[in-house]
Amino acid sequence: MFPVKCKAILKLINGEILEYGFASYSAEEQHLDFTAQFVPILQINSKVTVVCTENGVTTHVFTGDVYLSSPKLLRVISLKCAFILGAERVLAAHVPFEAQVYVPAFRHGLFANRLTYRWEECCIKAISMNGAAIECPEIVSEFADKITIKISDPIFSKPTELHLHTGEKGLMFGNHTKYKYKIGKINKRCESELSAFIRNANMTLLGNIELVDEQTLFSN
């Protein structure tokens with residue numbers, strides 16, 4: 001997961017591939033570390049390109065100067081970054097925020113229990129175009145595979161319901177359970193606003209790095 005660790009390709013500035021490995025980026029320190037089973041030794045201050053990928057899709061392309069070079073780690077500084085158009089379709093936004101989940105509850109009667117539904121507060125821990133990780137009170141197991149959540153801020157311009165399905169078995173954390181779900185079909189407005197939210201969240205992770213247009217970067 002970017003920026004902690006993602007698959008990456010180390011290249012010379014002319015595009016020649018040197019090695020496949022992993023990259024991690026520090027916005028605070030403004031450096032990028034490339035690691036692999038064996039990292040080519042490069043001259044200090046030589047320029048390199050590191051291409052970051054997620055699920056086989058290019059998301060970020062960094063260029064910079066070699067600061068440290070060893071067989072296990074290459075550190076790159078003086079960075080520039082192109083955030084690739086469409087990267088938000090394979091990245092997630094790890095920005096926790098409050099939402100609501102429509103959960104079933106049994107109302108106990110004198111002769112029978114009656115199933116009812118109610119909106120409860122939940123926390124969206126991460127969201128992508130395809131799925132969401134949710135923390136909420138435990139959902140009755142036979143109803144946990146299909147749920148509905150309602151989100152407004154910070155993603156949507158108005159309260160919006162998303163239908164989720166085929167979740168992984170929940171994991172308990174205190175009084176709450178963490179579930180992972182796939183997002184069902186959404187309309188164009190929701191798709192556009194969710195895409196913008198994910199893109200902005202991932203752009204924020206880059207901090208104050210110099211951002212460049214991807215076409216300009218590739219032409220160098």
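By convention here, the first residue in the shown sequence is residue 1.
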Open item on the list: Quick check: do Ile124 and Ile149 have side-chain heavy atoms less than 4.5 Å from each other?
Closed with: yes
Open item on the list: Could you work out, with side chain to side chain donor-acceptor pair (under 3.5 Å) as the rule, every residue matching His94, not counting sequence neighbours?
Closed with: none
Open item on the list: Using every non-hydrogen atom in the two residues, find where Ile198 and Asn202 come nearest and quote the distance to one decimal.
Closed with: O-ND2, 2.9 Å
- [ ] Starting from Leu205, walk the hydrophobic network (Ile, Leu, Val, Met, Phe, Trp, Tyr; side-chain heavy atoms closer than 4.5 Å) and list everyone else you reach, by chain and number.
- [x] none
TODO: Check side chain to side chain donor-acceptor pair (under 3.5 Å) between Asp153 and all other residues, then give those that pass, not counting sequence neighbours.
DONE: none
TODO: Run through the side-chain heavy atoms of Ile, Leu, Val, Met, Phe, Trp and Tyr, join any pair under 4.5 Å, and report what else lands in Phe22's cluster.
DONE: none
Open item on the list: Just so I know, are the side chains of Arg199 and Phe83 near enough to count as touching, which here means a heavy-atom distance under 4.5 Å?
Closed with: yes
- [ ] Starting at CG of Asn200, measure out to CD1 of Ile155 and round the result to the nearest 0.5 Å.
- [x] 11.0 Å
Open item on the list: With heavy-atom distances below 4.5 Å as the criterion, would you say the side chains of Val39 and Pro71 are in contact?
Closed with: no
Which pairs would a plain distance check flag for residues 125-134, meaning a side-chain donor or acceptor within less than 3.5 Å of a matching protein atom at least two apart in sequence or in another chain?
unit_1: Ser128; atom_1: OG; unit_2: Asn130; atom_2: N; d: 3.2
unit_1: Ser128; atom_1: OG; unit_2: Gly131; atom_2: N; d: 3.0
unit_1: Ser128; atom_1: OG; unit_2: Gly131; atom_2: O; d: 3.4

- [ ] Could you tell me whether the side chains of Ser26 and His31 share a donor-acceptor contact shorter than 3.5 Å?
- [x] no
Open item on the list: Glu193: which residues meet the side chain to side chain donor-acceptor pair (under 3.5 Å) condition with it, sequence neighbours left out?
Closed with: Ser157, Arg189
TODO: Measure across Ile139 and Ala144 and return the closest heavy-atom pair with its distance rounded to 0.1 Å.
DONE: CG2-CA, 4.0 Å
Task: Residues in side chain to side chain donor-acceptor pair (under 3.5 Å) contact with Ser46, at least two apart in sequence or another chain - done: none
- [ ] Using ring pair (Phe, Tyr, Trp, His ring centres under 6.0 Å) as the criterion, list what pairs up with Phe156, not counting sequence neighbours.
- [x] none
Task: Side-chain (Gln30) to main-chain (Ala27) donor-acceptor, under 3.5 angstrom - done: yes
Open item on the list: Does any part of the side chain of Arg89, heavy atoms only, come nearer than 4.5 Å to the side chain of Glu191, both counted from C-beta?
Closed with: yes
Task: Members sharing Leu68's hydrophobic cluster (side chains within less than 4.5 Å) - done: Tyr67, Leu73, Ile77
Task: From CG (Asn55) to SG (Cys6), nearest 0.5 Å - done: 11.5 Å
TODO: Would you check, one step at a time, whether the test side-chain contact (heavy atoms from CB on, under 4.5 Å) holds for Thr148 with Tyr117?
DONE: CA-CA 11 Å; Thr148 298; Tyr117 283 81; over 6 Å; no
- [ ] Please find out if less than 6.0 Å separates the ring center of His60 from that of Phe2.
- [x] yes
TODO: Could you list the residues that satisfy salt bridge (charged side-chain N to carboxylate O under 4.0 Å, His left out) with Glu120, not counting sequence neighbours?
DONE: Arg118
Open item on the list: Which residues pass the salt bridge (charged side-chain N to carboxylate O under 4.0 Å, His left out) test with Lys150, not counting sequence neighbours?
Closed with: none
Open item on the list: Which residues pass the ring pair (Phe, Tyr, Trp, His ring centres under 6.0 Å) test with Phe34, not counting sequence neighbours?
Closed with: none
